[in-house]
Amino acid sequence: MNVLSISLLAFLLISCGATVGVDYEKDTEWNQYESYAFYPEIESGLSELDDKRVKNAVDSVFKMRVITPSETPQFLINFYAQQALSNARNTIGIGLGGGGGNVGVGGGIGIPIGGRVIQQQLTIDFVDVATDELIWQAVIDAELKERATPKQKEAHYFNLIQKALKKFPPK
């Protein structure tokens, strides 16, 4: 699936509301980093399929830049997620009220719509190979529908990674 299709689908998904926080080593010379690799053993807390989706998203975003995958990388990438299942925050409110003679009574309820969602916090770490020090980190908070299709998950992770990597390298 091409990058444009994934980007368009990602734009239409709930994950558009993702927030990204970035922290980095301020004294780093960023233009020296031109190659990367993933840690050989990543224990992300995600499924094996979602691990592949995250890696493919990183590869796709970096493919558009001068940063390439390598057997002898300048930095390594690790990622991990914390997830919790919750009800969607969207509700339809129904209210009922009445009154007369200076007395009023009312009541209302909120009915959840949209089904359950997975609250995700995805953390991405870049570690300098030469010094073995953390040089850049992004923390992404997002929601994903519990019953998302594989195509929706692919677009979700692409969107998250694209938002995070917009902030790499720091200016």
Partners passing side-chain contact (heavy atoms from CB on, under 4.5 Å) against Thr72 (at least two apart in sequence or in another chain):
Ser70
Taking side chain to side chain donor-acceptor pair (under 3.5 Å) as the definition, give me every residue that meets it alongside Thr19, ordered by chain and number, with sequence neighbours left out.
none
For Glu143 and His156 the tightest heavy-atom approach is O-CE1, 3.4 Å
Got Asn78 and Phe126 here, is their nearest side-chain heavy-atom distance under 4.5 Å?
no
ILVMFWY network linking Tyr33 to Met64, side-chain heavy atoms under 4.5 angstrom
yes
Side-chain contact, heavy-atom cut-off 4.5 Å: Val129 with Leu76?
yes
Residue pair Pro73 / Tyr36: nearest heavy atoms and the distance that separates them:
CB-C, 3.4 Å
Nearest 0.5 Å, please: how far is CD in Glu133 from CD1 in Ile135?
9.5 Å
Is any side-chain heavy atom of Val58 closer than 4.5 Å to a side-chain heavy atom of Ile124?
no
Please list, chain by chain and in numerical order, all residues satisfying side chain to side chain donor-acceptor pair (under 3.5 Å) with Gln83, sequence neighbours excluded.
Gln120
Give a yes or no on whether the ring-centroid distance for Phe168 and Phe75 is below 6.0 angstrom.
yes
Once side chain to side chain donor-acceptor pair (under 3.5 Å) is applied, do any residues pair with Asp141, and if so which ones, sequence neighbours excluded?
Gln121
Answer whether the closest heavy-atom distance between the side chains of Thr149 and Lys153 falls below 4.5 Å.
no
Is there side-chain contact between Thr68 and Glu34, with heavy atoms separated by less than 4.5 Å?
no
Rounded to the nearest 0.5 Å, what separates atom CD1 in Ile118 from atom CG in Leu85?
6.5 Å
If the condition is side-chain contact (heavy atoms from CB on, under 4.5 Å), which residues does Val61 pass it with, not counting sequence neighbours?
Arg65, Phe158, Ile161, Gln162, Leu165
Same cluster for Leu160 and Tyr80 if Ile/Leu/Val/Met/Phe/Trp/Tyr side chains link at under 4.5 Å?
no
With sequence neighbours excluded, what pairs up with Val22 under the side-chain contact (heavy atoms from CB on, under 4.5 Å) test?
Val20, Tyr24, Trp136, Ala138, Lys167
When every non-hydrogen atom of Tyr157 is compared with those of Ala57, the smallest separation belongs to O-CB, 3.9 Å
Listed by chain and number, what are the side-chain contact (heavy atoms from CB on, under 4.5 Å) partners of Glu71, not counting sequence neighbours?
none
Where Leu46 and Ala81 come nearest, the two heavy atoms and their spacing:
CD2-CB, 3.7 Å
Starting at CD of Gln137, measure out to CG of Asp125 and round the result to the nearest 0.5 Å.
4.5 Å
Just to verify, what does Glu25 make a salt bridge (Lys or Arg N to Asp or Glu O under 4.0 Å) with, not counting sequence neighbours?
none
Per the salt bridge (Lys or Arg N to Asp or Glu O under 4.0 Å) rule, what does the pair list look like for residues 42-60, sequence neighbours excluded?
Asp50-Arg53
Taking only residues two or more places apart in sequence, or in another chain, which ones meet Phe79 in a ring-ring contact (aromatic ring centres under 6.0 Å, His included)?
none
More than 12 heavy atoms of other groups within 6.0 Å of Gln82 CD:
no
Quick check: do Val117 and Leu144 have side-chain heavy atoms less than 4.5 Å from each other?
no
